[in-house]
Amino acid sequence: MQPGDSVVIERVVLDALLAALRERGYETVGPTVREGAIVYDEIRATSDLPAGWTDEQEGGHYRLRRDDREALFGYAVGPHSWRRYLEPPSLVRWRGRRVDGGFEDDLTPGPPPRYAFVGVRPCELAALLVKDRILLGDPGADPDYRSRRESAFLVAVNCGSPAGTCFCVSMGTGPRFGPGFDLGLTELVDDARHDFVLQVGTARGAAVVEGLPHRPAEPADLTAAEAVLREAEGRMGRSLETEGLKERLERSYENPHWDEVAKRCLSCGNCTMVCPTCFCSTVEDSTDLPGTRAERRRIWDSCFSIEFSYVHGGSVRTSAGARYRQWITHKLATWHDQFGVSGCVGCGRCITWCPVGIDITAEARAIGGPAEAAGSRP
Amino acid sequence: MTTPDSGTAPVAAPPDPMWPEPFEVRQVARETGDTFTLTLVPKVGSQPHPFAPGQFNMLYVFGVGEVPISISGDPDRPELLVHTIRAVGATTRALQKLKRGDQVGVRGPFGTRWPVDQAHGQDIVLVAGGIGLAPIRPVVYHVLRHRALYGRVVLLYGARTPHDILYARELRDWRGRFDAEVEVTVDRATIEWQGGVGVVTKLIQRSPFDPSSAVAMICGPEVMIRFASLALEKRGMTTASIHVSMERNMKCAVGLCGHCQLGPHFVCKDGPVFRYERIEPLFGLREV
């Protein structure tokens, strides 16, 4: 078995796959139902997966529904992304201890966690590769991310159930996965069958599959998998015209539409908390009560807070319009300058989890869309 | 969690840019009512941190916090880390209260440098406003130390009032030299002030430098940068030979936290010193 090979595994074999990963020292993390949403958490068996659940997503709207197909991966993405495992929301980056007149390091680095992510959607796989450009670009800049990322085992799952807020087709990130996974699954579920086409992505992935019951994939299996993806492509709830979008946004810093968005935007930062590519963080220093031990934490931050742009004497971006402009212009324009790719993978989370349903695709159209000549200047 | 596979145990961690290195306070000297100069030396066992004019350090007070401060010392004396700081927040006030022998955490130096090496043979025009003189001072030290490498040297400095003039004694020394033109102006004079009154940008029109062979370096409030650049362009300089130092909220200093973004730029690593032509389009736009 080698990278590029495809086999078929039965649904029950997925439990053996999880067990094999755990035997290899991975903590297996995947989708599970909690508090009415599909979130990521530790999963020990397929019984922890959201079997028979699907999601309904719209601007500011998310609901789980039963789906009698009993698919294990019959939904799009929830509020969590893998970011919370690779860049934890609050992470100790340094510890120090007071010694006479000064301080010294007080570090007890443990082994980095080793995760196997099960159920990585194509859009999320694309987001991981975007993150790699940012956090692995400068060797040594973020050793914690590097160690977590390098040891992570990725089981991707092709998307057969895009939601109403999805537009991965526009962003070229789905619904079929690109490179970067160790193992890639396509779930085939109908009256006649419930199994998976499994694509081997890496040698370590092949080593895991060799120990599992499987059979070679027949042309009919591959055709069935292809049909699932073709059908998914046609069910995108949203679309975004990316051609020329960067340039149009760059010309629109003074667009009056930003003030219009500001009337709706609550500056809550939800969009930045659910986004799989957002990377902004802050550095927080604190001490224990006696002041003898200090800790430096990296904590997720959001460009929607006023403090975010604080320089002595005040903040740079005080209006909600300027903060929204910063966020969308960063995602869709300046991200290209910084990292050579778009900061948006089309997962739709920012639309779904915005309390007032502000839609990145609609705002991009209104501000930098092909009809901008009419709307860019008063 | 079970035991990891053999062969995948973490290798020796590379030095982490988020870890502060302890330095010792040599001196805390008052400059003006709200500014002071902090001189640090490496703690026994710590290495000096050589720097280039224009770069900055992250200074950490144990348990209080960390702030980005430009280096204002002499780049030819890297064993002394000198920072001039305005006490405006919790961390900078804590820095102000330090005594000789206390410790400060240092990360750095970070960021881009003033183009002192590219400016050989050309006139040097330095324009500073307020505490913006601090990041310019390493250039003055460097240029005066290597005086023969440069053409005319002009320093134009503006402060709010005579009491806000930074490095007054050094300014007098530099003014007394025959090989440097130093002009100081204030926005509001006091009764004993004998110098000029008005904005620093006004000094540019009659300043003795050759615009066709000059490199300008500007540091101060953004509005001052904008008008100083316009005045330099009016004299015939291009935005390619004007360099400016920008300020944004620097938290990580290695381009990963996102706070210091200015359009497509991360001020902490693409700046703080920018060729003006690169960022000019963003000037005059609000809240970028």
Evaluate the criterion side-chain contact (heavy atoms from CB on, under 4.5 Å) for residue pair B:H259 and A:Y310; output intermediate values, then yes/no.
CA-CA 9 Å; B:H259 281 253; A:Y310 180 84; over 6 Å; no

Which atoms of B:E24 approach chain A - backbone, side chain, both or neither, heavy atom under 4.5 Å
neither

Specify which of A:D138, A:T318, A:D142 makes the most heavy-atom pairs with chain B at under 4.5 Å.
A:T318

Ionic contact status for B:E222 with B:R226, cut-off 4.0 Å
no

For B:E287, is there an ion pair with A:R325 - N to carboxylate O distance below 4.0 angstrom?
no

Is A:R149 salt-bridged to A:D132, cutoff N-O under 4.0 Å?
yes

Flag the pair B:F283 / B:Y276 as yes when their ring centroid distance falls below 6.0 Å, and as no otherwise.
yes

Segment of B:V288 engaging chain A (4.5 angstrom heavy-atom cut-off)
both

When only heavy atoms count and the cut-off is under 4.5 Å, which of residues 275-282 of chain A reach chain B?
A:F279, A:C280, A:S281, A:T282

Need one label for B:K43: side chain, backbone, both or neither, based on atoms under 4.5 Å from any heavy atom in chain A.
side chain

Proximal component of B:P20, with respect to chain A [non-hydrogen, under 4.5 Å]
both

So, B:K97 and B:D102, do they make that salt bridge, N to O below 4.0 Å?
no

